[in-house]
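Sequential numbering from 1 along the given sequence is applied to the chain's residues. All values derive from a computational prediction rather than experimental measurement.
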Amino acid sequence: MTLKQQIAGALADMRGSSPLIHCITNYVTAGDTANMLLAAGASPIMADCSEEASDIAAGADGLLLNLGIPNPDKLHAMRLAGEAANRFGKPIVFDPVGIGASSFRKEASAGLLKALQVQIIR
């Protein structure tokens, strides 16, 4: 089976299951991320509040963590969501946007990668 056939099959499978994807992203990309997931057949939920991060991640089929516009509150929500995703065997995609731009971003990324089992780093 060619790579193209494998990708087409994976996309068909995703459209058939309509997975719920919990996204903790930034306001610059939230709309694009939601629209791309919808176009691919997934159902996005944007939730970056630490009070609900664990619950949302536990009920979702996957988790996207986008460092985009980091702040301590969002990083706490990312960690809680990631821990719940790990606990329930949900895959995590981590996008360390601008990781080299500041020591805060480097340390935040390192902390998340140390605490969480991430399947894909974009």
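- Remark: side-chain polar atoms of R15 are paired, donor with acceptor, to backbone N or O of A39 under 3.5 angstrom.
- With rounding to the nearest 0.5 angstrom, the NE2 atom of H76 is 10.0 Å from the SG atom of C49.
- When atom types are taken as modelled, the side chain of R79 and the backbone of L112 share no donor-acceptor pair closer than 3.5 angstrom.
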Report task. Please step through side chain to side chain contact (heavy atoms under 4.5 Å, CB included) for the pair N71 and F104, ending with a clear verdict. Result -> CA-CA 9 Å; N71 65 61; F104 179 74; 5.8 Å; no
**Report entry** Q6 and L3: CA distance, side-chain angles, deciding distance, side chain to side chain contact (heavy atoms under 4.5 Å, CB included) verdict
**Finding:** CA-CA 5 Å; Q6 290 175 341; L3 180 59; 3.8 Å; yes
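- I121 and I99 end up in different hydrophobic clusters when Ile, Leu, Val, Met, Phe, Trp and Tyr side chains are linked at under 4.5 Å.
- Side-chain contact between L75 and L67 is present, with at least one heavy-atom pair separated by less than 4.5 Å.
- With a 4.5 Å cut-off on side-chain heavy atoms, D61 and S43 do not count as touching.
- Checked by atom type and distance alone, the side chain of R105 pairs as donor or acceptor with a backbone atom of G68 at under 3.5 Å.
- No donor-acceptor pair closer than 3.5 Å links the side chain of T29 to the backbone N or O of D32.
- Side-chain atoms of K74 never come within 3.5 Å of backbone atoms of S50 as a donor-acceptor pair (strictly under, hydrogens ignored).
- The closest donor-acceptor contact from the side chain of Q5 to the backbone of T2 lies under 3.5 Å.
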Report task. Would you check, one step at a time, whether the test side chain to side chain contact (heavy atoms under 4.5 Å, CB included) holds for T25 with M46? Result -> CA-CA 8 Å; T25 185; M46 307 315 206; 4.3 Å; yes
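- Distance check, rounded to the nearest 0.5 Å: CD1 of I7 to NZ of K4 gives 10.0 Å.
- Between the K90 side chain and the A58 main chain, a donor and an acceptor come within less than 3.5 Å of each other.
- Looking only at distances, no side-chain donor or acceptor of H22 sits under 3.5 Å from a matching main-chain atom of A81.
- Tested against F94 for a side-chain contact (heavy atoms from CB on, under 4.5 Å), the candidates I120, L65, N66 yield a single pass: L65.
- Taken together through direct or relayed side-chain contacts under 4.5 Å among Ile, Leu, Val, Met, Phe, Trp and Tyr, M78 and V118 form part of one hydrophobic cluster.
- For the atom pair SG of C23 and CG of L37, the computed distance is 5.0 Å after rounding to the nearest 0.5 Å.
- Although no hydrogens or angles enter the test, the distance criterion places no donor-acceptor pair under 3.5 Å between the side chain of N86 and the main chain of L116.
- No side-chain heavy atom of P44 sits under 4.5 Å from any side-chain heavy atom of T33.
- Across all non-hydrogen atoms, the minimal contact from A57 to A84 is CB-CB, 4.0 Å.
- Interatomic distance, I24 CD1 to L64 CG, rounded to the nearest 0.5 Å: 9.0 Å.
- Separation of atoms CG (N26) and CG (D48) is listed at 10.0 Å; rounding is to 0.5 Å.
- Taking 4.5 Å as the limit, every side-chain heavy atom of V93 sits out of range of all side-chain heavy atoms of Q119.
- By the 4.0 Å N-to-carboxylate-O rule, R87 lies too far from E83 to be salt-bridged with it.
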